[in-house]
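Presented below is the structure to which this report refers.
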Amino acid sequence: MVKDSRAYKYALWCLDENNRKVGKYVKKQAQDWIEIVEGKNPEAYIDERAYEKVCKILKLMVHPDLGCSMYDGLEDYAWFLIVAIFCTKLKNEQGLDIRYYTTAVLEIARKNFKTFNSAVIFILLMLTEPQFSRFFSVAPDLKLSSELKNAIRKIIKVSPALAEDGVFKLLRSEIRCLLTDSEYTPLAYSEDRMDGKLANAFLADEAGAMDSYPIEAMRSSQITLFNKLGIIISTQYPNDNNAMIDEIDISKKTLDGLLENKRRFSLLYEPDDDLLQNDRWQIDDLVIYQANPVAVTNENVFNAIKEMRTMAILYENKRENFLCKHCNIKYKGLGVEGYIEVTKVRECKTLLDKDFWKGKRVYLGLDLSMTDDNTAVAMVCEYDDKVYAKVWGFIPKEKKLLKIKKERVDYNKLIQQGVCFECGDEVIDYKYVENFILNLEKEYGVEIVQIGYDRYNAISTVQKLESAGYECVEIRQHSSVLHAPTKLIKELILQKKFAYDENLMLEINFQNARCTEDTNLNKYVNKKKSEGKVDMVVALINAMYLMQQDILNMPDWTVQVL
């Protein structure tokens, strides 16, 4: 039955190889869900009875603007979201009816009826969830919070089957479902306290205009529940400190396989990286389509957005609103691009035992960050027309739990895998790092040719390494210097002339890395504009700089630009 649904057909449409009207992360989520529908997921299944129930309720709802049933009036992406949330269930030995997805994230541009679709979701929750359930929506202010309540009220009033006495009771501060004794309450972050509320399900609307407190407060209220749901919805916002940034980052890492967070459903309608360069938003309609799924089928919406695009091109003061709200592009972030797509990086993953390194001439790159931050050491060598790399990270022991929570990276797992080490207390123990470097030749049987470093925070360590007989080279952290190794690493990865020892931490760093250009079009990894820790990538670039200066500039190692 679900295979005949618009949700399933939309997911298949998203996966069409020739379809670029949705971005890569929507495609990844569609692929994951299709596998559940086809019975290929060991943890989840599709509940056909739940789907039938949802369809019956949607047929009872009347679309207030179109005058048809909600079953016929919903957009395709809304069908996908609703069926995934309500009908995807967790396999369990007890046979309990538990939703598979505990979090749903929807990053979507304006004019996609997201508030209206949120109202449909709350009506479905009130009619299908257990007795005495409580539901909350969270918005930045009272006006936005009231919009969702008014949308629910509107749907109920125009739907005869729902407007009857004994079904819903519309009160000033809340809406109650008399059939299930459940209630929905809209909350405003600017006026209401979020603590002390037990939310069976919550929805954070315009999360980009709030910090993380309302969402985390709602999540905290759900700790004791086994069948919980949190929905986070927003467009992009220009500010750097908002809850949606973290939610999108977690979703991307999950879909890229960097986080084990499978019970998270994410529809990220934003342009792919290649559409963010060279002002392509001004001419390429794919930017609009990938941010706005309604514009794909609704010509009126598409034409209205194109008119706004023309004004944004002509007038700078209209640009921020257009790019953030209608294209899901952070305007001040233009000129920042992802370094290398993590899926391309992972194609170069291999397993290298210590025997491989014996007798190799290697170059080390260091990124000795602030004493309470991450530090990294990278080792590279050239062998058989290919570059091989092994990278290690170091974190302060007492900061580990804080970093796990703040960065949402499982450092315990990385330490267990041997790619990361905890040393020191509140700050990095540089002596531990120095001893680690001094022991590399003995442990791996290598010959260290040179050690490259950034002068910042490295003087003391470098003096000790030079006293031990190693040649240390300062690498100026400037775009004119870093551009060549940054470009070379990317080209080697894309040409599969690069291999690294299996390292999830390095993959996360590549995922986080963002590049900027100087006025001479020199690209370099920008730590401040990256989405998280990139110390391993920086250390790798420093090591590659040394190798490039020494051997890779030879004629037979010239790498062509792709």
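Hydrogens, waters and symmetry mates play no part in the numbers below; they use all other heavy atoms, side chains included. We number each residue from 1, following the sequence as shown. Nothing here was measured: the structure is a model prediction, and the numbers come from that model.
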Please determine if [X] and [Y] form a salt bridge, counting it only when a charged side-chain N lies under 4.0 Å from a carboxylate O.
| X | Y | value |
| --- | --- | --- |
| Lys349 | Glu347 | no |
| Glu491 | Lys496 | no |
| Arg280 | Asp274 | yes |
| Asp205 | Lys114 | yes |
| Glu43 | Lys89 | no |

Ring-ring centroid check [X] [Y], cutoff 6.0 Å:
| X | Y | value |
| --- | --- | --- |
| Phe202 | Phe136 | no |
| Phe302 | Tyr289 | yes |
| Phe86 | Tyr100 | no |

Between [Y] and [X], is there a side-chain donor-acceptor contact under 3.5 Å, judged purely by atom types and distance?
| X | Y | value |
| --- | --- | --- |
| Asn374 | Lys403 | yes |
| Ser133 | Ser182 | no |
| Lys253 | Asn512 | yes |
| Asp211 | Tyr189 | yes |
| Thr103 | Arg263 | no |
| Tyr8 | Glu38 | yes |
| Glu107 | Gln236 | yes |
| Tyr25 | Asp256 | yes |

Asn112 and its side chain to side chain contact (heavy atoms under 4.5 Å, CB included) partner, picked from Ile233, Asn117, Asn292
Asn292
Step by step, would you call Phe122 with Tyr184 a ring-ring contact (aromatic ring centres under 6.0 Å, His included)?
CA-CA 8 Å; Phe122 271 113; Tyr184 156 73; 4.7 Å; yes
Please examine the side chains of [Y] and [X], heavy atoms only from C-beta on, and report whether any two atoms are closer than 4.5 Å.
| X | Y | value |
| --- | --- | --- |
| Leu106 | Ile231 | no |
| Leu90 | Tyr45 | no |
| Ile46 | Lys3 | no |
| Ile508 | Lys533 | no |
| Asn520 | His483 | no |
| Ile155 | Pro64 | yes |
| Ile82 | Leu74 | yes |
| Pro186 | Leu148 | no |

Determine whether Lys9 and Asp4 satisfy the following criterion, salt bridge (charged side-chain N to carboxylate O under 4.0 Å, His left out), listing intermediate values before the conclusion.
CA-CA 7 Å; Lys9 292 175 181 177; Asp4 295 325; 5.8 Å; no
Would you name the heavy atoms of Ala199 and Leu225 that are closest together and state the gap between them?
O-CD1, 3.5 Å
Taking all heavy atoms of Asn261 and all of Thr254, pick out the closest pair and write down the distance.
O-CG2, 3.2 Å
Got a sec, which residues hit salt bridge (Lys or Arg N to Asp or Glu O under 4.0 Å) with Arg153, two or more places apart in sequence or on another chain?
none
Pairs under 3.5 angstrom only: tabulate donor-acceptor contacts from the side chains of residues 306-313 to other protein residues two or more places apart or in another chain.
residue : atom : partner : partner atom : Å
Arg309  : NH1  : Asp285  : OD1          : 3.0
Arg309  : NH2  : Asp285  : OD1          : 3.1
Thr310  : OG1  : Lys306  : O            : 3.2

Suppose we screen for side chain to side chain donor-acceptor pair (under 3.5 Å). Which residues come up paired with Gln31, at least two apart in sequence or across chains?
Glu35
Pair Trp33-Thr88, side-chain hydrogen bond (donor to acceptor under 3.5 Å, both in side chains): steps then yes or no
CA-CA 9 Å; Trp33 189 72; Thr88 310; 3.0 Å; yes
Give a yes or no answer on whether the side chain of [X] reaches the backbone of [Y] with a donor-acceptor pair at less than 3.5 Å.
| X | Y | result |
| --- | --- | --- |
| Asn19 | Leu15 | no |
| Glu206 | Ala139 | no |
| Thr516 | Asn526 | no |

Quick check: are there more than 12 heavy atoms from other residues, nucleotides or ligands sitting under 6.0 Å from NZ of Lys24?
yes
Show your reasoning for whether salt bridge (charged side-chain N to carboxylate O under 4.0 Å, His left out) applies to Arg408 and Asp246.
CA-CA 9 Å; Arg408 294 182 172 87; Asp246 286 345; 3.7 Å; yes
Glu341 vs Lys344, test: salt bridge (charged side-chain N to carboxylate O under 4.0 Å, His left out). Steps then yes/no.
CA-CA 6 Å; Glu341 187 180 348; Lys344 299 295 184 183; 5.7 Å; no
Carefully, step by step, assess Asn522 and Glu517 under the rule side chain to side chain contact (heavy atoms under 4.5 Å, CB included).
CA-CA 5 Å; Asn522 292 319; Glu517 284 183 349; over 6 Å; no
Using the side chain to side chain contact (heavy atoms under 4.5 Å, CB included) rule, take Val120 and Leu58 through it: C-alpha gap first, then chi angles, then the decisive distance, then the call.
CA-CA 8 Å; Val120 173; Leu58 291 176; 3.7 Å; yes
Hey, can you tell me if Phe80 and Phe265 have their rings parallel, tilted or perpendicular (30° and 60° cut-offs)?
perpendicular
How far apart are the C-alpha atoms of Phe113 and Glu75, what are their side-chain angles, what is the distance that settles it, and do they pass the side chain to side chain contact (heavy atoms under 4.5 Å, CB included) test?
CA-CA 9 Å; Phe113 316 117; Glu75 300 292 332; 3.5 Å; yes
Checking ring-ring contact (aromatic ring centres under 6.0 Å, His included) for the pair Tyr339/Tyr524: CA distance, chi angles, key distance, verdict?
CA-CA 9 Å; Tyr339 180 25; Tyr524 63 100; over 10 Å; no
Qualifying residue for salt bridge (charged side-chain N to carboxylate O under 4.0 Å, His left out) with Glu129, from Arg134, Lys228, Arg99
Arg99
